Amino acid sequence: MFSLNSNYLKLKAGYLFPEIARRVKEFLEAHPEAATDLIRCGIGDVTEPLPRAVCDAMHSAVDEMGIRETFRGYGPEQGYDFLRKLIAKHDYQFRGVTVAEDEIFISDGSKCDGANILDILGKNNRIAVMDPVYPVYVDTNVMAGRTGNMQDDGSYEGITYLECNHENGFVPSLPQEKVDIIYLCYPNNPTGAVASREALTRWVEYARSHHSLILFDAAYEAFIQDPDIPHSIYEIPGARECALELRSFSKKGGFTGVRCAFTVVPKELLARTAQGGQASLHPLWNRRMTTAFNGVSYITQRGAAALYSEEGQAQVQSLITHYMGNAALLREAVIAAGLTVYGGTNAPYLWVQSPLGEKSWETFDRMLHDHHIVVTPGSGFGSAGEGYFRISAFNSRDNVLEVAKRLSLR
Ligand SMILES: *Cc1c(COP(=O)(O)O)cnc(C)c1O
């Protein structure tokens with residue numbers, strides 16, 4: 001009989017979101033009258049419709065595809081030049097950062113990029129992730145066979161977990177042991193924390209002196225309000241020699257259902273070969289993309305390009321203003337309810353401490369039963385998330401105002 005990839009059998013059965021769904025379903029079966037006023041603050045998905053400029057650009061692109069003269073078949077696997085140029089200029093040059101157009105690879109999502117990048121990295125690399133963590137980083141490494149088995153506390157053998165807590169501002173300290181690949185996500189999901197220039201500089205210095213790679217996930221950079229917080233890892237000198245950056249239009253442009261993202265692979269980035277020499281990662285990623293991917297649709301890339309037009313930028317700004325306005329209202333309400341809250345000022349997530357002695361799932365149940373509000377228990381993101389819960393600011397204003405009202409009626 002043929003065999004399967006047994007690494008998949010090491011995966012924790014989808015624990016967090018299925019368990020939330022199960023508890024909500026059970027609650028609604030017992031209290032059907034709560035169905036109409038249940039508010040979900042657990043989702044990491046956007047709620048507001050696509051910017052008008054994006055819809056218009058996509059409509060025109062569809063019309064182009066329907067005419068012989070302007071029809072397009074396969075596009076460049078790395079992405080169309082018109083989009084790569086706009087990204088290089090607006091996301092990097094305007095911030096004083098050098099990223100060449102051909103170092104930008106357009107894809108259908110950061111989730112896929114994060115998983116696929118593992119194809120071009122050696123099997124024996126030691127991985128480090130933040131705890132709490134976006135589960136995709138861990139699970140894709142489990143699937144790729146870079147970990148041992150799951151332990152009783154839900155962590156995996158062979159992964160270094162970097163604890164993020166209120167003492168370190170949810171930015172981990174440098175590890176004692178040498179790690180090869182470090183996942184950093186700022187602004188952070190789930191904690192809503194940001195990393196200062198100094199903190200990122202420490203990590204870049206660590207990576208350079210240990211010849212490690214930083215995978216920098218900047219999916220939420222557009223939500224940064226504080227002008228001193230870097231939007232890109234490449235704002236840190238030396239980062240081009242040690243970091244890849246993942247960016248996505250999902251949260252910034254409401255593209256979670258459209259699908260468009262990009263990865264930056266600087267040409268200076270070198271890795272060790274099996275023979276002990278050094279080779280650049282850029283041609284490997286180019287090879288991976290051209291061989292195993294056929295590009296993002298022209299229509300989608302035209303939609304993404306529209307986010308950089310004057311009209312598109314203004315519309316992105318109003319999306320961000322909406323979600324960050326939600327975050328501010330939620331913060332106020334949570335503080336007024338006597339809870340300690342982190343995040344929510346440069347990211348669309350609030351990381352709230354459960355009342356003293358309460359476990360994440362206990363808070364989840366209490367919020368569900370007493371307030372008919374669904375939150376995400378922090379322990380679902382890792383053991384350092386125990387005693388916290390996440391509130392997402394991705395919601396309508398009406399829902400956020402209602403949540404604030406309910407929290408005040410404790
Ligand atoms: C939402 C999110 C992304 C974006 O993923 P896409 O596949 O581009 O939609 C990336 N990283 C984190 C941490 C996220 O929360």
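Counting starts at 1 for both ligands and their atoms, in listed order. In this text, all values refer to a predicted model and were calculated from it rather than measured experimentally. Because only heavy atoms are used, hydrogens play no part in the values below, and waters and symmetry mates are left out as well, while side chains stay in.
Within a 6.0 Å radius of CD in Q151, other residues, nucleotides and ligands contribute more than 12 heavy atoms.
Using the six-membered ring where Trp is involved, Y388 and W351 have ring planes that are parallel, under 30° apart on the 30 and 60° scheme. Ring geometry, Y183 versus Y137: the interplanar angle falls under 30°, so the pair is classed parallel (tilted spans 30 to 60°).
Listed by chain and residue number, nothing satisfies the ring-ring contact (aromatic ring centres under 6.0 Å, His included) test with Y92 (two or more places apart in sequence, or in another chain). Contacts of Y161 classified as ring-ring contact (aromatic ring centres under 6.0 Å, His included), with partners at least two apart in sequence or in another chain: none. Annotation: ring-ring contact (aromatic ring centres under 6.0 Å, His included) contacts of F389 (sequence neighbours excluded): none.
At a 4.0 Å heavy-atom cut-off, the residues surrounding ligand 1 are G109, S110, K111, Y134, Y137, C185, N189, D217, A219, Y220, S248, S250, K251, R259, listed by chain and number.
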